[in-house]
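Sequential numbering from 1 along the given sequence is applied to the chain's residues. Because the structure is a prediction, the values reported are computed rather than measured. Side chains included, hydrogens not; waters and symmetry mates left out as well; all remaining heavy atoms used.
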Amino acid sequence: MTMNPTIDVSAVTDSVVPTDKLRCRDAHRDSGGGGINVARVIGRFGRTCRAIYPAGGAQGQQLRGILVEQGVDSLAIDVSAETRESFSITEARSGAQYRFVLPGDPLGQADWQACIDAVATHAKPHHYVVASGSLPPGVPDDFYARLAGELVGRKVRLVIDSSGRALDAAIRNGIYLAKPNLQELRDLTGSLLERRSEWEEAAADLVRVHQVEIVLLTLGEEGAFLATRDLRVRADAVPVEAVSAVGAGDSCLAAMVWRLALGDAPEAAFKYAIAAGSAALLTPGTDLCHKEEVERLLGQVRTEVLEC
């Protein structure tokens, strides 16, 4: 599920400076939004995954067409709000990437309730439901918690990748997996979490104190951390020369869910998640990881099991 989908526009310009018109080249439009990215990656891995998202206006129609071209099984919920665009500009001179994210138009109650109803209709026992990304204006902070309430008792494994109040409400209502990054964890706990021991303990607390079975904490260049009730695993970042950071977190989460759905234990799935996040860094613009790169990098993933 992607409540705030986007058309991701990426391009390259020689240098980024104020006032001047910045002539761009290599422009590309791609589908975007957390859940859509997860669905695209899982499809590349050869598994069936349906992307559910609201779509409206001319850009919503364009997004539908892009997903058809990409071969993504999807269900668009018709809304009146125009689907948003986001922009990623790479400065050729420095290699720096600038990302501009628009908020999206407000959704009404009937629109966001229709999205919950669609997920509830399609989710079957033992399915994984991944709800990923920000919430657009008009959608209540407890939206993911409401979604969790619809799925309680149905043996559906709900995975949440969000932030702020939306994530806070969800973890208090019973979810299978949460994937915060370090800043999102800091916001969630209201603590600076300056040392590795502090952020690892805070991630473990989400399992111990709240109703979360697995926490996948992504840490950028510091790697990642996995916590369950009886397992804590630390992973170093795979050393790669990054081309674009867009979609790295979504690729990481997609690989984690992919392997869990295949029956892997969390620790084994975690290694694939690290490899996928690293593989996404190698792709340009708004592209995501590819399976062959994930398999190639898997042997370079280094993990350490810690005492609980």
Side-chain angles (χ1 to χ4, degrees), residues 10 30 34 37-47 49 88 90 94-97 99 128 130 132 159 161 177-185 193 195-201 203-204 214-228 230-308:
S10 62
D30 216 338
N37 287 342
V38 168
R40 288 172 58 198
V41 171
I42 289 178
R44 288 179 180 181
F45 292 158
R47 299 287 289 183
C49 183
S88 299
T90 299
S94 65
Q97 188 178 58
R99 300 170 67 180
Y128 287 80
V130 180
S132 179
V159 177
D161 182 7
L177 186 153
K179 193 208 75 65
N181 60 33
L182 183 54
Q183 186 56 54
E184 290 165 349
L185 185 63
L193 305 178
R195 293 187 293 274
R196 178 181 291 273
S197 60
E198 293 176 338
W199 66 58
E200 290 179 348
E201 193 62 32
I214 300 174
V215 173
L216 171 58
L217 174 64
T218 54
L219 300 163
E221 294 181 354
E222 296 290 338
F225 178 72
L226 180 76
T228 70
D230 55 6
L231 179 69
R232 296 186 184 186
V233 186
R234 180 186 297 164
D236 295 328
V238 177
V240 297
E241 187 172 345
V243 175
S244 170
V246 176
D250 297 329
S251 294
C252 174
L253 180 60
M256 184 79 185
V257 173
W258 166 52
R259 297 307 303 185
L260 289 171
L262 287 175
D264 281 5
E267 182 181 357
F270 181 51
K271 293 179 180 179
Y272 274 92
I274 301 305
S278 301
L281 298 175
L282 300 174
T283 59
T286 55
D287 198 4
L288 303 163
C289 72
H290 294 269
K291 187 178 180 181
E292 58 272 18
E293 284 296 324
V294 176
E295 298 287 357
R296 182 180 69 83
L297 294 176
L298 186 62
Q300 300 181 40
V301 175
R302 299 290 177 263
T303 60
E304 177 186 1
V305 178
L306 309 177
E307 291 186 6
C308 291

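Note: Tyr272 and Trp258 meet the aromatic proximity criterion, with ring centroids under 6.0 Å apart.
The side-chain heavy atoms of Thr283 and His290, taken from C-beta on, include a pair separated by under 4.5 Å. Using a 4.5 Å heavy-atom threshold, the side chains of Leu231 and Val305 count as touching. Between Val246 and Gln97, the closest side-chain pair of non-hydrogen atoms falls below 4.5 Å. Two residues are said to be in side-chain contact when any heavy atoms from C-beta on lie closer than 4.5 Å; Asp264 and Lys271 fail this criterion. Side-chain atoms of Leu177 and Tyr128, non-hydrogen and from C-beta on, never get closer than 4.5 Å to each other. Between Pro180 and Val215, the closest side-chain pair of non-hydrogen atoms falls below 4.5 Å. Contact of the Val38 side chain with the Val257 side chain is not registered, since no non-hydrogen atoms from C-beta on lie closer than 4.5 Å. With contacts defined as side-chain heavy-atom distances shorter than 4.5 Å, the pair Leu282/Arg296 qualifies.
Minimum heavy-atom separation, Ser251 to Ala280: OG-CB, 3.5 Å. Heavy-atom minimum distance, Ala276 versus Val294: CA-CG2, 3.7 Å. Residues Gly220 and Ala237 approach most closely at O-CB, 3.8 Å, considering heavy atoms. For Gly249 against Lys179, the heavy-atom pair with the smallest separation is O-CE, 3.7 Å.
Using modelled atom types, no side-chain atom of Gln300 and backbone atom of Leu297 make a donor-acceptor pair closer than 3.5 Å.
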Apply the test side chain to side chain contact (heavy atoms under 4.5 Å, CB included) to residues Met256 and Val159: give CA-CA distance (whole Å), side-chain angles for both, the deciding distance (0.1 Å), then the verdict. CA-CA 10 Å; Met256 184 79 185; Val159 177; over 6 Å; no

Please determine whether side chain to side chain contact (heavy atoms under 4.5 Å, CB included) holds for the pair Val41 and Cys289, giving the CA-CA distance in whole Å, both sets of side-chain angles, and the decisive distance to 0.1 Å.
CA-CA 7 Å; Val41 171; Cys289 72; 3.7 Å; yes

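One distance of note links CD of Glu198 with CG of Leu193; it measures 6.0 Å at 0.5 Å rounding. Summarising the geometry, atom CG belonging to Leu288 is positioned 13.5 Å from atom CD belonging to Glu293; distances are rounded to the nearest 0.5 Å. Separation of atoms CG (Asp236) and CD (Glu304) is listed at 8.0 Å; rounding is to 0.5 Å. One finds the CG atom of Leu217 at 9.5 Å from the CD atom of Glu184 (value rounded to the nearest 0.5 Å). Going from atom CG of Asn181 over to atom OG1 of Thr218 covers 5.0 Å, rounded to the nearest 0.5 Å. A distance of 9.0 Å separates OG of Ser244 from CG of Asp287, quoted to the nearest 0.5 Å.
With respect to Ser278, the side chain to side chain contact (heavy atoms under 4.5 Å, CB included) criterion is satisfied by exactly one of Leu298, Val301, Val238: Val238.
The pair Glu292-Arg44 does not count as a salt bridge, with every side-chain nitrogen at least 4.0 angstrom from each carboxylate oxygen. Salt-bridge check for Arg234 with Glu200: passed, with a basic side-chain N closer than 4.0 Å to an acidic carboxylate O.
Within 6.0 Å of the CD atom in Glu241, the count of heavy atoms belonging to other residues, nucleotides or ligands does not exceed 12.
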